[in-house]
Each structure stands twice: as C-alpha cells, then as structure tokens.
Amino acid sequence: MHAVQQLHQYRKSLSTTTYKSRGQRVVRCELCRLAKPFCICALAPKVSSQAGFLMLMYDTEVLKPSNTGKLIADLIPDSFAFLWSRTQVNPDIITLINNPMWQPMVVFPKAYAGDEREIFDNKITLTSGKRPLFIMLDGSWREAKKMFRRSPYLQNLPVVSFTPKTPEDSTELSSRYQIRLAANNTELATAEVAAQVLSLAGEQTNADLLDLWFDVFSYQYQRGVCQINRANPNAVADYTAFAKLNGITLAKDITN
C-alpha cells in the first residue's frame with residue numbers, strides 16, 4: 001500500500017462509526033476505492049520521478065472514495081500523506097520538510113501568498129542537488145485555504161502558482177472532475193493540479209500519464225454510481241495506449 005492508502009486505513013481505525021458518504025452501499029476495493037467490478041488496481045502505473053509529493057489531507061478527505069490525491073501516490077513513488085491538524089503537528093511532517101534532499105514548496109494560488117512570500121509563478125527554480133517536494137493541501141477549497149493560513153510550518157516556504165493550461169495551447173483549462181460539484185469549473189481536482197505541477201517540473205510524460213490516469217479513475221468511478229457518466233468513455237484505452245507507447249509498466253504486467 002502506498003502512503004494515501006495507509007493513511008486511509010489509519011483514519012478508518014480512528015472512527016467510532018462508519019463514514020457515510022454518497023454511494024456508501026457500494027462494495028469497494030480497499031485500495032483504489034472504486035466499486036469492485038470497476039477496480040483499476042491492475043492498471044496502476046510504475047514510473048520513476050525526481051519529484052516528491054507531500055499531501056496534507058483534511059480530516060475526512062482521505063475517507064472519501066472520490067478523493068484524487070491517491071492518484072498521485074499511485075504514480076509517484078516518493079509520495080507522503082498526513083492528516084492535517086490545526087493544533088497538533090505531526091513531527092514527521094517537519095522532518096520531511098527539513099530533509100536536505102528536498103526543496104519543499106506549497107502548491108497554492110499566488111494571490112493568497114502575501115508580498116513577502118517567494119513565489120514560483122508558472123516556473124520552478126531548484127537549488128542545485130535538491131529535488132522538488134510539492135506540498136498539496138488536499139480538501140475542499142474552503143478547507144485548503146484554512147490549511148494554508150493556519151499551518152505555521154508552511155508560512156516560510158515558497159509557493160508554486162500556475163495558470164492552468166491545456167497541453168495543446170495556451171487557453172485556460174477547465175476541470176474534468178465531474179464527481180463532486182465545485183464553485184466553478186476552473187477549480188481543478190488535486191490530481192489535475194499535480195499533473196500541471198509535474199509539467200512545470202519538466203516531467204511532461206508523467207504529467208500526461210497522471211492526467212490520463214485521472215480520466216481512468218473518473219470514468220470507472222462514475223460507472224459504479226447512479227449518475228450519468230460524463231467522463232471520457234475511451235479513458236482506459238487512451239491510458240493503456242499511452243503507457244505502451246512510452247514503455248510504462250502497469251501492475252498487470254508485473255504480475256503476469
């Protein structure tokens with residue numbers, strides 16, 4: 001199990017009652033959290049990356065089957081996940097941020113950063129010998145703003161901000177996330193944001209793969225619930241074709 005899956009199990013162990021969400025009666029895979037007939041675990045990719053992702057997850061976010069932060073951990077080997085708390089700081093978070101191998105930076109809109117904050121706007125500059133550690137604030141937009149403002153250990157870290165773009169041109173990108181309602185269609189899902197950040201970090205193949213993996217998750221998720229499926233019906237075919245073209249190993253190839 002990767003970091004988000006482990007955190008999900010830990011968060012469940014803290015609950016005294018069953019977490020109730022839309023689709024709670026669906027029998028789900030414990031790892032990908034999709035309805036078992038539409039499980040995508042066999043398609044999980046195996047790649048290498050210089051980037052790391054630290055996901056700070058709002059309390060119940062990790063329990064939601066619709067969460068897309070886990071898709072980042074499916075792809076990126078160095079992914080870390082922690083529950084966020086306003087009053088108690090997990091010392092492992094501080095240790096990770098202070099690890100000299102990483103250059104930590106918070107992924108958040110620059111409008112919230114303040115005048116004194118270092119901002120990487122649509123580009124990332126790395127210190128020699130360091131790897132980027134992208135800190136993702138995983139929750140609703142309201143929850144993410146709360147985490148950004150009320151986490152003292154984040155206040156002195158640079159902010160990565162970007163204008164969402166399509167791969168083909170410079171037009172503004174609209175979210176493809178149809179599972180939850182957002183205030184507007186430019187609010188991207190966590191995995192969509194991570195794909196944009198990987199592109200800024202120079203890992204375009206991984207960025208494209210994560211976008212396609214997100215489409216697979218979105219399509220298969222909607223197949224398992226009682227709603228119109230607005231996702232790409234060719235998502236699985238597009239994803240597997242891209243993986244084959246780029247020599248990317250999938251979980252099913254490892255086991256077979």
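No hydrogens, no waters, no symmetry mates; every other heavy atom, side chains included, goes into these values. All figures in this text were calculated on a predicted structure; none of them were measured in a lab. Each residue takes its place number in the sequence, starting with 1.
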Is [X] reaching over with its side chain to a backbone N or O of [Y], donor-acceptor style, under 3.5 angstrom?
{"X": "Lys70", "Y": "Asn67", "result": "yes"}
{"X": "Arg28", "Y": "Arg33", "result": "yes"}
{"X": "Gln220", "Y": "Asp215", "result": "no"}
{"X": "Arg150", "Y": "Arg86", "result": "no"}
{"X": "Ser140", "Y": "Glu143", "result": "yes"}
{"X": "Asn122", "Y": "Thr163", "result": "yes"}
{"X": "Asn206", "Y": "Leu198", "result": "no"}
{"X": "Thr240", "Y": "Ala237", "result": "yes"}

Check whether more than 12 heavy atoms from other residues, nucleotides or ligands sit under 6.0 Å from atom [atom1] of [X], and answer yes or no.
{"X": "Lys110", "atom1": "NZ", "answer": "no"}
{"X": "Tyr10", "atom1": "OH", "answer": "no"}
{"X": "Asn99", "atom1": "CG", "answer": "yes"}

Does the side chain of [Y] come within less than 4.5 Å of [X]'s, by heavy atoms?
{"X": "Gln103", "Y": "Pro132", "answer": "no"}
{"X": "Leu157", "Y": "Met105", "answer": "no"}
{"X": "Leu200", "Y": "Lys123", "answer": "no"}

[X] versus [Y], closest heavy-atom pair with distance:
{"X": "Gly52", "Y": "Trp102", "answer": "N-CZ3, 3.6 Å"}
{"X": "Met55", "Y": "Ser79", "answer": "CE-CB, 4.1 Å"}
{"X": "Ala144", "Y": "Leu137", "answer": "O-CD1, 3.7 Å"}
{"X": "Cys39", "Y": "Cys29", "answer": "SG-SG, 3.9 Å"}

Which residue is it: Lys12, Lys36, Gln5? I am looking for the one with a side chain to side chain donor-acceptor pair (under 3.5 Å) to Glu30.
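That would be Lys12; it is the only one of Lys12, Lys36, Gln5 passing the side chain to side chain donor-acceptor pair (under 3.5 Å) with Glu30.
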
Will you find, in the side chains of [X] and [Y], an N or O donor that is under 3.5 Å from an N or O acceptor?
{"X": "Glu192", "Y": "Thr68", "value": "no"}
{"X": "Ser218", "Y": "Gln222", "value": "yes"}
{"X": "Trp84", "Y": "Asp59", "value": "no"}

Checking Ile93 against Leu56 for the side chain to side chain contact (heavy atoms under 4.5 Å, CB included) test, could you report, in this order, the C-alpha distance in whole Å, the side-chain angles of both residues, the deciding distance, and whether it holds?
CA-CA 9 Å; Ile93 297 175; Leu56 285 180; 3.5 Å; yes

Determine, for Glu61 against Lys64, whether the closest basic-nitrogen to carboxylate-oxygen distance falls under 4.0 angstrom.
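Lys64 and Glu61: salt-bridged.
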
Pairing residues for Tyr112 by the ring-ring contact (aromatic ring centres under 6.0 Å, His included) criterion, not counting sequence neighbours:
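By the ring-ring contact (aromatic ring centres under 6.0 Å, His included) rule, Tyr112 matches Phe108, Trp141.
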
CG on Leu96 to CD1 on Ile135, rounded to 0.5 Å
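Rounded to the nearest 0.5 Å, the CD1-CG separation comes to 8.0 Å.
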
Find the distance between CG (Leu209) and CD1 (Ile248) and round it off to the nearest 0.5 Å.
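Here the rounded value is 4.5 Å.
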
